[in-house]
2 protein chains.
Amino acid sequence: MADAQPIWNRPARGARGPAPSHSRAEIVAAAIAIADADGLPAVSMRAVAAKLGTAAGGLYRYLSSRDDLLDLMTDRAVGELEPYHDTSGDWLDHLVALGRAQLDLHRRHPWLADVIQRPSAVGPHALSFFDRCLGVLAPLDAPTSAKFEAIALMTGTVVLFSRSAATGPNPFAGLDPTAHPHLAAALANPSDPGRQDLFDHALRGLLRGLLTP
Amino acid sequence: MADAQPIWNRPARGARGPAPSHSRAEIVAAAIAIADADGLPAVSMRAVAAKLGTAAGGLYRYLSSRDDLLDLMTDRAVGELEPYHDTSGDWLDHLVALGRAQLDLHRRHPWLADVIQRPSAVGPHALSFFDRCLGVLAPLDAPTSAKFEAIALMTGTVVLFSRSAATGPNPFAGLDPTAHPHLAAALANPSDPGRQDLFDHALRGLLRGLLTP
DNA sequence: TGTAAACTGCGAACCACGTTCACGGTTTTA
DNA sequence: TAAAACCGTGAACGTGGTTCGCAGTTTACA
């Protein structure tokens, strides 16, 4: 009953009692270090507590659930996108640059793709990012709903490319060419252009298609 | 060591011994029923086994892990998209129609969004769907990589809309207007056009932007 | 100043989960 | 007919999130 509010609006500690040995920031940092090194499944309460030299149950003095921890991790990582420098020039260039920064962030923290979609993970830094994108789009005359979709799908594109970079060999091993003729034909000719600016090109096309009449 | 192959290439049973009381199809149907009713976390081995009136350990005669079960569930659900009727007319209209069918599928099985991204979930029906999309795009003169991205992002759009329909109230409750001015302004004027064809419009814009020079 | 309330870290415990295993019974192969 | 392969069962293992009681510590208040 103590957490009717999301964790960002909850105070870290009360007034009485001894000073805590740790802090939310310290716990979140340890959890992110584990996730960066060994992946999200390795982020167990016991592992995080062990990295801090404490017991698992003690973490619940600082958070009320593992989901809270994931939310804090997410928003802290998103905070690495700041500070945002000033807006100038074309909105499309600017938004693509924001998307590329987001992609870099996801490459640094591959676990982000697995936690970022949960609604509870929208924290203050995520709001700042969202607000920033809307600011870039402000001079554009497009319906608000279209701008919302565009930003959401930009993140979707980031997740897509981040995941495809982290995945192993393609899942099309040993498929039947007669059953899937078009797929076989497409895989036959490796007409990949420069893999470098594939992301830029895709994101540009997406945004232009979504925000241009 | 028995499952070096993905589960679709593994035989269901051996030659000797008594006839099995169940089948993979029956198990998958029970699991899907549970997921549809109570969500993906409710799909535990024990719950699926209980619905079949058997013990949890017995399921491992048919599958080798819970991930296998999720893979089978995914591909079976994707199979509901078939049969595909003949191609005719504009490629864009056709692809949007495929996307809408995909969205209907995700509304019927909201848990799909949480399992569809895993690489191991690409089964024969998913390959058929992919091949079908490529067939629709065949007359189009665009690089293969662009077509792949477009199809992947189409699925991303479906997941986005499916999730936003399933999510509760918006996560922008009680935000600080001074900290996020653009966001507050955007939320102030409810300029939502008809929520009906929002998906169609977004998907059209996305595909056109991605596949048009 | 003293006492009660609120807080701290700690460890044991609970429960659910995925998975394994030995067992007795059943069907096929040789 | 005997051996081999398979079946379902139920108990068990290990791990995970979470709860709880305990003893010690700090603050608020009379």
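Here is the naming used below: chain letters follow the sequence lines, and residue numbers restart at 1 for every chain. It should be emphasised that the depicted structure is a prediction, and the values quoted were computed from it without experimental measurement.
Among the heavy atoms of the strands, none lies under 4.0 Å from A:V48.
Between the side chains of A:E149 and B:H201, no donor-acceptor pair is found at a separation under 3.5 Å.
The separation between B:L52 atom CG and D:dT9 atom P is 10 Å, rounded to whole Å. Between the CD atom of B:E26 and the C1' atom of D:dG8 there is a distance of 14 Å, rounded to whole Å. When the P atom of C:dT8 is taken as reference, atom CG of A:L59 falls 13 Å away, rounded to whole Å. For A:Y60 and D:dC20, the OH to P distance is 13 Å, given to the nearest whole Å. Rounded to whole Å, the distance from CG on A:L63 to C1' on D:dT19 is 15 Å.
Note: B:Y62 and B:H22 have perpendicular aromatic rings, judged against thresholds of 30 and 60 degrees for the angle between ring planes. Aromatic ring orientation, B:F161 versus B:F199: perpendicular (interplanar angle above 60°, classes split at 30° and 60°).
Each of D:dT18, C:dT19, C:dT27 was ranked by its minimum atom distance to the side chain of B:P18; first place goes to C:dT27. The B:M45 side chain lies nearest to C:dT19 when the options are D:dT18, D:dG8, C:dT19. Listed nucleotides D:dG17, C:dT29, D:dC7 differ in distance to B:R16; the shortest reach to its side chain belongs to C:dT29. Closest to the side chain of B:T54, from the set C:dG9, D:dT9, D:dG8, is D:dT9. Taking every side-chain heavy atom of A:R61 into account, C:dC10 is the closest of C:dC10, D:dG8, D:dG16.
Salt-bridge check for B:E80 with B:R108: passed, with a basic side-chain N closer than 4.0 Å to an acidic carboxylate O.
For B:Y62, a side-chain nitrogen or oxygen approaches OP1 or OP2 of D:dG8 to under 4.0 Å.
Between the side chain of B:R46 and the base of C:dG18, at least one donor-acceptor pair of N or O atoms lies under 3.5 Å.
Positionally, the nearest nucleotide of DNA chain D for A:P41 lies more toward the 5' end than for the other of A:G58 and A:P41. In this structure, A:H22 and B:R66 both approach DNA chain C, and ranking their closest nucleotides by distance from the 5' end singles out A:H22.
Partner of A:L63 under the side chain to side chain contact (heavy atoms under 4.5 Å, CB included) criterion, chosen from A:L70, A:D71, A:V48, A:D68: A:D68.
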